[in-house]
Amino acid sequence: MIRLIGYARVPLEPGRAKRVEFTVPADLAAYTGREGRRIVEPGDLELRLGASSADIRHTVPVRLHGPERTAGFRRAMTSEVSVADV
């Protein structure tokens with residue numbers, strides 16, 4: 001499954017650069033299990049960074065550690081983003 005979990009629009013002048021950082025909570029990997037609960041399981045994921053879903057520029061492998069857990073109603077629903085000058 002592919003889904004958007006965060007984005008940032010970063011206007012740049014020619015020759016300029018910015019650092020974009022995302023904080024991605026494990027809760028964003030939650031899915032509805034067979035028992036109808038939202039769960040987060042340990043395992044491997046792949047984050048894809050791109051201009052669009054058809055224009056992937058980088059992939060980042062991620063491994064979630066720990067026991068399976070329920071992601072309750074207070075689960076994190078968004079990733080945080082920060083943009084800074086380089």
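Numbers for residues simply follow the sequence, beginning at 1. Remember, it's a predicted structure, so these values are computed and weren't measured experimentally.
- A single hydrophobic cluster is not seen to contain both V24 and I56; linkage of ILVMFWY side chains at heavy-atom distances under 4.5 Å, directly or through other members, places them apart.
- Heavy atoms only, all atoms of each residue included: R19 and V86 are closest at N-CG2, 3.5 Å.
- Side chains of E41 and Y31 form a contact here, defined as non-hydrogen atoms less than 4.5 Å apart.
- We find that R69 and D27 are joined by a salt bridge, their nearest charged nitrogen and carboxylate oxygen being less than 4.0 Å apart.
- For the pair V60/L49, a side-chain contact is recorded, criterion being any heavy-atom separation below 4.5 Å from C-beta on.
- Note: L47 CG to I5 CD1 = 5.5 Å, rounded to the nearest 0.5 Å.
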Original post:
Can you check side-chain hydrogen bond (donor to acceptor under 3.5 Å, both in side chains) on T59 and R48, steps first, answer last?
Top reply: CA-CA 4 Å; T59 58; R48 298 176 183 176; over 6 Å; no
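- Side-chain contact between E21 and V81 is absent, with no heavy-atom pair separated by less than 4.5 Å.
- A donor-acceptor pair is defined here as one N or O able to donate and one able to accept, closer than 3.5 Å; such a pair exists between the side chain of S52 and the backbone of A54.
- Summarising the local packing, CD of E35 is surrounded by 12 or fewer heavy atoms from other residues, nucleotides or ligands at distances under 6.0 Å.
- The existence of a salt bridge linking E13 and K18 is excluded, since no basic side-chain nitrogen approaches an acidic carboxylate oxygen closer than 4.0 Å.
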Original post:
Would L64 and L45 satisfy side chain to side chain contact (heavy atoms under 4.5 Å, CB included), going step by step from the backbone distance to the final call?
Top reply: CA-CA 8 Å; L64 298 179; L45 302 173; 3.8 Å; yes
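- Smallest separation of non-hydrogen atoms from S79 and F22: OG-CD2, 4.1 Å.
- Contact between R57 and A51 at its shortest, heavy atoms only, is NH2-CB, 3.3 Å.
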